[in-house]
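Below you'll find the structure, written out as structure tokens, and then a few comments.
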Amino acid sequence: MKKMTKVMATVIAMAMIICGLTACGGEAKSNTIKFGTNAEFPPFEFVAANGVIGQFDGIDIAIAKQIAEDNGMTAEIENMEFDSLLIAIQNGQIDAAIAGMTIKEERKEKVDFSIPYYQATQVMIVKEDSDIQKASDMADKKICVIQGYTGEICVKEMGYPYESFKKGTEAVLELVNGKCDVVVIDAATAKKYVQDNAGLKIVEDAEAFEGEEYAIAVKKGNTELLDKINKSLEKMLSDGTIADLGIKYSVAE
Ligand code: GLN
């Protein structure tokens, strides 16, 4: 009898080890959420010496961390080009993309979006002495955009020629150096660039640029993760966490 119990215990122990190794009884559950971002988009994501997660900091990075925390998980950040984010979700390299990403119909065909967490719009950054006052004034000007951003989509739809850059900083440098006349980019990021570079100003045209909404993207059909993200976002929107992050990371009014 005693021997029997011992054998049983050994069998159970072995089964537990094997199960542990192979994760029987269902898919192995990871305790991390791998977020992809493009840390070239202050104040939402940027590279800092010491960030909220590793070297990364910004509103989105803080939101990612909170989503993981709310679900008893850890957030990992993978930095990549903005253009690669949707593919990285589709092929499982990352679980979600948090990158100040605007909900667009063409993107919805590739990924599922969370509830929106931030209202944005495109603006024009110009030199202080520029005569550009509205979007149509860009018609005969040299326009710079960032590849794959909604700013590029807007200018393309307006039918104006433009040059696209990989990074916002590159486009802004072009403007500072007088090699282009206007950069079209999201308002909060534009504000940061204008603050960091002397001699620039922002021109708004609410009629020409529609309102945009940022959301987090996940793989199509990944409702399990999407539910976690949405619940956490709802909480952060209603308790003021996201509004506070906006104040903390944005340029002072
Ligand atoms: N909101 C813009 C877009 O979705 C820019 C986002 C970004 O650069 N991170 O295209």
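Start at 1 and go down the list; that is how both ligands and their atoms are numbered. Every value quoted in this text rests on a predicted model; they were computed, and no experiment measured them.
Taking only nitrogen or oxygen atoms, main chain and side chain alike, Met101 does not reach within less than 3.5 Å of ligand 1. For ligand 1, one of its N or O atoms has an N or O atom of Thr102 under 3.5 Å away.
Between the side chains of Glu212 and Thr150, a donor-acceptor pair is found at a separation under 3.5 Å.
Here the heavy atom of the protein found nearest to atom 9 (N) of ligand 1 is Ala99 O, 2.5 Å. Tyr149 CZ, 2.7 Å is the protein heavy atom nearest to atom 8 (O) of ligand 1. When hydrogens are left out, the protein atom nearest atom 6 (C) of ligand 1 is Gly100 O, 3.2 Å; that is the closest non-hydrogen contact.
Ligand-side atoms of ligand 1 in range of Tyr214: 1 (N), range being under 4.0 angstrom from any heavy atom.
Put simply, no part of Phe44 is less than 4.0 Å from ligand 1, judged by heavy atoms. Ligand 1 has at least one atom lying under 4.0 Å from a heavy atom of Asp186.
Of the candidates Asn38, Thr37, Asn79, Glu45 forms a side-chain hydrogen bond (donor to acceptor under 3.5 Å, both in side chains) with just one, namely Thr37.
Cluster partners of Val182, using a side-chain heavy-atom cutoff of under 4.5 Å among ILVMFWY residues and allowing indirect links, are Met124, Val126, Ile132, Met138, Ile143, Val145, Val155, Met158, Tyr160, Tyr162, Val184, Val203, Phe209.
Tyr118 and Tyr214 have parallel rings, their planes meeting at less than 30° on a 0 to 90° scale where 60° marks the start of perpendicular.
Of the listed options Glu212, Lys167, Arg107, Arg107 places a heavy atom closest to atom 4 (O) of ligand 1. Considering Leu85, Thr150, Ile185, Thr189 only, the shortest heavy-atom separation from atom 3 (C) of ligand 1 involves Thr150.
The distance between the ring centers of Phe41 and Phe82 does not fall below 6.0 angstrom.
Remark: Glu152 engages no residue in a salt bridge (Lys or Arg N to Asp or Glu O under 4.0 Å) (not counting sequence neighbours).
Between the side chain of Asn177 and the backbone N or O of Lys179 there is no donor-acceptor pair closer than 3.5 Å.
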